[in-house]
Amino acid sequence: MRATRSGAWGAALAAGLVAAPAVAGGRTITADPFPKKPSLDGVLREWSGSMTSFGEVLSGAPREGDPRAAAYVGYDERAVYVGAKIVDARLTRTAAAGEADDRITLHLAFPKVSGGYQGYSVDIFPGDPGKLAGVVKLGGAPIAGAKVVEAPEKGGYTVEAEIPWAAFREAATTRVGLRAALRYTDVDAGGVTAVVATASGKAVAELPPLLLEAEAGLDATLLRDKGLAWPPRLEVYGNVAGDAAVERVAQLGGYLTITGHRFRGGKQFYFAELGVPEPESVRRLELVDFDGDGRGEIVIVKRLGTATAYREALVALRLGDGDVPAPLFAHELSIVTPEGRVVNELRFPSQGKLRAIEIAQGEASGFEPDAYAEPKPGDMPSALLPWESVGSRTWRWDGKAMAKVSETPHEPRATGRPKRRPPAEEGPPPPPPPRPPTADELLDRVYALYRKERGVGESRPRFDFVTDVAGGSETERVLVHQRDIVVFGKGFRAGTSYAFITVGVADPRDVLDATARDLTGDGKAEILVRGVLHAKSSKELGEKVVDRHALFVYRVAEDGVRRVFAAETSRAFEGQRILGAVAWQRAGGGKVRIELRPGRALGWTERTYPFPIDTAPAGGLEPLLVPWGGVERRVYAWDGAAFTAQ
């Protein structure tokens with residue numbers, strides 16, 4: 001019978017399969033995919049590629065190359081096949097087909113979603129032509145539908161065996177991440193004389209990989225090219241795409257990979273750079289079903305920085321069009337420097353059929369609010385700080401995205417002895433936590449007027465807080481209603497009208513966060529909004545969606561709300577990202593400067609970054625700073641009308 005390779009990586013092996021690389025305990029076996037059901041005749045001349053030799057002597061002492069063995073492994077949708085060449089001067093075979101007989105043993109292990117492996121040992125007993133038929137057994141019993149055909153050859157024989165996948169319970173859903181070894185047991189009149197095998201390991205977890213087509217392609221085009229090797233540093237198994245078939249999500253070096261026997265037809269694989277300085281920077285990899293569709297989303301916790309100063313962040317990915325992971329959610333989890341540490345707790349509580357994301361206060365020491373000047377990330381919520389009034393936040397899938405559904409209170413506290421920085425480096429204290437409006441501040445009639453004139457019906461605002469943004473000393477109510485920022489209050493326009501401005505995003509869910517702080521030193525808070533803009537890439541990049549995260553700053557006056565600053569703070573495209581940073585500088589007179597810093601690259605390098613580097617505002621946004629752009633920072637100061645570059 002004939003085995004051939006196909007798939008996106010086939011050109012790399014067009015000249016024939018290379019010998020399987022040696023790994024700890026034995027050799028990796030690369031399985032040949034069969035495009036159609038093969039016939040069995042016991043002859044190996046139609047097999048392609050290189051055989052895997054039984055190079056490990058487990059017992060006995062083969063004399064003058066007797067016994068000696070090598071084999072192929074192949075498969076199709078219905079069965080797994082073994083084609084072997086045995087050098088053995090004497091075939092021992094009885095009707096019992098048991099321990100007293102020569103046999104080939106296939107040790108096969110399937111990964112379990114819950115962890116560990118389920119192992120099987122299949123014994124292949126070649127027939128004695130004209131006397132006894134060949135038989136294939138599992139656990140001492142013949143396997144239904146299995147076949148074995150042998151053919152004599154000088155010095156021994158060749159054999160082909162067919163073993164239905166149905167013999168292995170796990171194979172119904174799992175045909176990825178397999179491990180395997182082949183063994184030949186030579187029995188003569190005095191008992192077992194020698195055992196040779198492709199691997200020396202005995203425990204199923206010690207067996208070398210058995211690579212089906214997609215994993216063989218990954219091995220040929222990524223691992224060998226990058227000097228990587230099996231097994232993965234981290235791996236999880238579960239359904240992340242398509243039907244109930246299990247996929248393998250794995251970290252190989254600095255890459256995230258996805259393979260599966262039905263993922264992309266079982267012929268292709270996915271890989272992308274994780275954007276970490278070293279493989280150990282990936283602290284956590286797991287699958288969690290956030291949207292209740294029975295398929296897991298990919299959860300990664302990354303550490304970026306040095307051993308003594310680093311940030312950790314949660315990134316959740318959801319497979320989209322083309323089985324390409326797309327960003328679903330991101331949140332900073334920890335901030336560690338020589339001066340202090342903040343480490344939030346991460347939980348995934350069950351909420352009905354869904355799993356939610358909960359970020360909660362955790363360990364904290366060293367930092368103090370009056371000296372804290374660490375920059376906040378530009379494209380995700382920052383870690384909860386111990387002097388904030390929020391104890392935890394929870395997000396849940398709302399049908400389109402992960403939406404914030406609840407917060408718990410927290411008693412603000414300091415973490416240790418104050419450590420002041422020089423004034424030039426000191427950032428402003430965080431704004432007081434927004435509070436809900438009182439009954440007097442609700443101004444129901446003005447709010448009802450807004451609802452009627454803007455046609456928002458009975459929908460609820462996404463953000464709702466009270467602070468002093470305009471007029472006299474009274475506070476105003478600030479809402480983000482759909483895409484509108486709405487302002488009204490007892491002292492604003494005599495309490496009879498409202499002002500609003502529409503944030504320039506495509507969907508209300510693209511408004512990610514809203515808060516307020518005084519940046520201009522006049523005692524009135526500016527409104528700060530984080531949002532995401534969706535743009536199309538160029539024709540050369542396939543006109544696909546580019547996500548551009550932005551910071552918007554709005555100022556309120558009697559004549560209305562106007563935007564006084566906007567900057568792109570991060571960019572994401574096909575699972576790769578630039579993560580920018582925003583810092584705040586004291587400028588005297590209560591004013592605050594806005595500082596943009598180059599971001600971290602997750603997946604891109606200077607060579608692979610597909611976009612031009614902007615040096616001037618584009619689309620109304622100050623340009624995104626990239627690590628290789630040659631600009632260490634840009635600072636913007638209030639000039640009386642807007643925040644302008646210094």
Side-chain angles (χ1 to χ4, degrees), residues 1-5 13 16-22 26-34 38-75 79-93 97 101-108 121-130 132-137 146-163 180-188 192-200 208 210-211 216:
M1 61 184 171
R2 182 174 180 79
T4 58
R5 289 192 170 276
L13 302 178
L17 296 178
V18 297
R27 290 186 173 272
T28 295
I29 298 174
T30 300
D32 291 313
F34 288 97
S39 59
L40 273 70
D41 57 11
V43 179
L44 305 180
R45 61 177 176 268
E46 292 183 321
W47 283 80
S48 65
S50 299
M51 305 182 81
T52 301
S53 64
F54 292 37
E56 302 286 335
V57 178
L58 304 188
S59 68
R63 290 179 295 180
E64 299 181 355
D66 185 351
R68 188 169 69 250
Y72 302 99
V73 175
Y75 72 98
V80 59
Y81 303 92
V82 174
K85 179 178 181 179
I86 307 298
V87 175
D88 185 357
R90 181 175 181 273
L91 172 63
T92 301
R93 177 62 208 280
D101 295 274
D102 290 347
R103 59 194 178 276
I104 302 164
T105 303
L106 170 65
H107 298 285
L108 185 60
S121 294
V122 177
D123 289 319
I124 302 168
F125 297 91
D128 189 352
L132 294 169
V135 63
V136 181
K137 290 185 174 183
K147 299 177 182 178
V148 59
V149 180
E150 66 288 326
E153 187 167 290
K154 184 179 180 180
Y157 60 92
T158 57
V159 61
E160 291 180 326
E162 174 184 339
I163 308 160
L182 287 158
R183 179 181 299 179
Y184 180 69
T185 302
D186 184 19
V187 180
D188 288 335
V192 175
T193 60
V195 179
V196 293
T198 61
S200 59
L210 172 65
L211 304 179

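Positions are given from 1 along the sequence.
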Calculate, to the nearest 0.5 Å, the distance between atoms [atom1] and [atom2] belonging to [X] and [Y] respectively.
| X | Y | atom1 | atom2 | answer |
| --- | --- | --- | --- | --- |
| E153 | L44 | CD | CG | 7.5 Å |
| D128 | Y157 | CG | OH | 10.5 Å |
| L132 | D101 | CG | CG | 8.5 Å |
| D102 | T193 | CG | OG1 | 7.5 Å |
| D123 | R183 | CG | CZ | 9.5 Å |
| Y75 | F34 | OH | CZ | 10.5 Å |

Could you tell me whether a side-chain N or O of [X] sits under 3.5 Å from a main-chain N or O of [Y], the two making a donor and an acceptor?
| X | Y | value |
| --- | --- | --- |
| R90 | D188 | no |
| T198 | R27 | no |
| T92 | V187 | yes |
| E160 | D41 | yes |
| K147 | L40 | no |

Review point. According to the interplanar angle, ranging from 0 to 90°, do the rings of W47 and Y72 count as parallel (below 30°), tilted (30 to 60°) or perpendicular (above 60°)?
Key: parallel

**Study point:** R68, CZ atom: more than 12 neighbouring heavy atoms under 6.0 Å
**Key:** no

**Study point:** Side-chain heavy-atom pair I86, E150 within 4.5 angstrom cut-off
**Key:** no

Return the minimal non-hydrogen interatomic distance between [X] and [Y], and the atom names on each side.
| X | Y | result |
| --- | --- | --- |
| T30 | A216 | CG2-CB, 3.7 Å |
| L106 | A180 | CD1-CB, 4.4 Å |
| L210 | A31 | CD1-CB, 4.0 Å |
| P67 | A194 | CD-CB, 3.9 Å |
| A197 | L58 | CB-CD1, 3.8 Å |
| Y184 | R103 | CD1-O, 3.2 Å |

Revision key, fill the gap. The side chain to side chain contact (heavy atoms under 4.5 Å, CB included) partner of V73 among L211, T52, L182, D32 is L182

**Study point:** Residue from V195, D66, V192 passing side chain to side chain contact (heavy atoms under 4.5 Å, CB included) with D186
**Key:** D66

